[in-house]
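First up is the structure itself, then whatever we jot down about it.
Both counts, for ligands and for their atoms, begin at 1 and track the order of listing.
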Amino acid sequence: MSAKVLSGTELAKKIKNELKVTVEDLKKNGVHPCLAVVIVGNDPASRIYVNLKKNDCAEIGIESQEYALDESTTEEELLALIHKLNNDPKISAILVQSPVPKHIDEDRVILAINPEKDADCFHPVNVGKLMIGKPEFLPCTPAGVMELLEENGIDVAGKECVVVGRSNIVGKPQAIMLLSKNGTVTVCHSRTKNLEEVCKRADILVAAVGRAEIIKGSFVKPGAVVIDVGVSKTAEDKLVGDVDFAAVSEIASAVTKVTGGVGPMTRAVLMKNTVKAAKLQANKG
Ligand code: NAP
């Protein structure tokens with residue numbers, strides 16, 4: 001079997017085109033979505049991600065404001081900037097590119113962002129709303145995965161779903177979102193015994209680990225849908241996912257690739273959240 005490759009690039013393009021129209025309409029009504037992008041330090045990967053997000057904004061007609069802070073920026077200085085952005089009516093949404101330097105407590109940074117401007121949906125208020133089934137914003141990567149499934153007609157209800165990884169930004173919210181669509185969800189992590197056996201139960205398998213090709217062909221049930229969130233670099237500086245694509249695409253019915261799979265979807269949902277934040281604030285104001 002040769003699996004269908006689920007294209008995040010194509011779906012993200014479609015979402016961005018729809019957002020472009022929404023933003024044009026908002027602007028006609030005096031609402032100008034604006035994303036504040038904060039980057040601290042000189043991490044090259046973070047710089048690439050920030051540039052991609054700014055390009056997405058430009059494509060859609062969302063204004064972006066970059067705040068590039070020195071590596072030596074103190075936690076207090078960063079929190080003061082967030083406070084200023086929280087209170088700036090021109091700013092619809094705020095994103096602080098992760099990771100921040102080690103001397104800054106990322107949890108305090110997340111807590112400082114006004115939940116109404118929480119582009120990444122990391123704030124506990126927004127995580128709580130997702131948990132109780134009343135989300136305002138959606139966590140970008142897991143929501144991107146859900147959109148890819150939906151777009152490709154992959155129904156989650158009643159399916160065995162296995163999520164490998166339990167981080168706050170991917171694994172846990174992914175599990176909640178699959179559960180909210182009536183999947184039967186198992187979450188695996190570094191202490192899971194018999195990972196291969198558990199993964200093999202999955203009709204829908206989402207890998208969000210960050211270990212190159214940890215998901216082998218033998219982990220996959222014939223006909224399963226396999227979504228690869230992970231991104232790692234090989235010794236040769238090549239980007240690879242958590243999934244052994246060559247082997248798994250022979251067994252699965254559908255699979256995503258690194259790159260062009262989940263990555264573009266993550267950014268598309270970030271843009272959706274920014275537009276949503278602008279709308280929410282306009283309706284309040
Ligand atoms: P993370 O915070 O490092 O979490 C990794 C998870 O994998 C943890 O829950 C960990 O378990 C689990 N794990 C580690 N080794 C394992 C093993 N041998 N077997 C089973 N589980 C294992 O990472 P993250 O932020 O969730 O990101 C995961 C990956 O997705 C990374 O490669 C990241 O770069 C990528 N990512 C991609 C996008 C995108 O847009 N494409 C977005 C976000 C993240 P414990 O909890 O027990 O430690």
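Among T259, I214, V269, V229, the residue whose heavy atom lies nearest to atom 18 (N) of ligand 1 is I214. Of the candidates V209, T141, N168, D228, T141 brings a heavy atom nearest to atom 42 (C) of ligand 1. Looking at Q174, K233, R166 and measuring to atom 8 (C) of ligand 1, the nearest heavy atom belongs to R166. With atom 4 (O) of ligand 1 as the reference point, the heavy atom nearest to it among C140, P142, S167, S232 is part of S167. Among S98, G210, A212, the residue whose heavy atom lies nearest to atom 29 (C) of ligand 1 is G210.
Scanning all protein heavy atoms for the shortest distance to atom 34 (O) of ligand 1 gives V231 O, 3.7 Å. In terms of protein heavy-atom proximity, atom 39 (C) of ligand 1 is closest to T266 OG1, 3.7 Å. From the protein, the heavy atom lying nearest to atom 21 (N) of ligand 1 is H189 C, 3.1 Å. Nearest non-hydrogen protein atom to atom 48 (O) of ligand 1 is S190 OG, 3.7 Å. Regarding atom 44 (C) of ligand 1, its nearest protein heavy-atom neighbour is V170 CG2, 3.9 Å.
In this structure, G263 is part of the shell of residues with a heavy atom less than 4.0 angstrom from ligand 1.
Residue contacts with ligand 1, taken as heavy atom pairs separated by less than 4.0 Å, involve I169 solely via side-chain atoms from C-beta onward. Using a 4.0 Å cut-off between heavy atoms, R211 contacts ligand 1 through its side chain alone, with no backbone atom that close. Residue contacts with ligand 1, taken as heavy atom pairs separated by less than 4.0 Å, involve V164 solely via side-chain atoms from C-beta onward.
A donor-acceptor contact shorter than 3.5 Å links the side chain of N29 to the backbone of D25. With K27 contributing its side chain and G61 its backbone, the two residues share a donor-acceptor pair below 3.5 Å. Judged purely by atom type and a 3.5 angstrom limit, D203 uses its side chain to pair as donor or acceptor with the backbone of E160. D242 places a side-chain N or O within donor-acceptor distance of the main-chain N or O of R211, the cut-off being under 3.5 Å. No side-chain donor-acceptor contact under 3.5 Å links E136 to the backbone of K129.
Residue-to-ligand polar distances keep D242 apart from ligand 1: every N/O pair is separated by 3.5 Å or more. Residue-to-ligand polar distances keep G165 apart from ligand 1: every N/O pair is separated by 3.5 Å or more.
Nearest approach of G8 to M265, heavy atoms of both residues: O-SD, 3.6 Å. Shown here for A208 and V229, the closest heavy-atom pair between the two residues is CB-CB, 3.9 Å.
Side-chain contact, S92 with T274: no donor N or O sits under 3.5 Å from an acceptor N or O. The closest side-chain donor-acceptor pair between S218 and E196 falls under 3.5 angstrom.
At least one side-chain heavy atom of E18 sits under 4.5 Å from a side-chain heavy atom of K14. At least one side-chain heavy atom of L195 sits less than 4.5 Å from a side-chain heavy atom of I214.
For ligand 1, the atoms lying closer than 4.0 Å to a non-hydrogen atom of A208 are 5 (C), 6 (C), 7 (O), 28 (C). The atoms of ligand 1 that sit less than 4.0 Å from any heavy atom of G230 are 29 (C), 30 (O), 32 (O), 35 (C).
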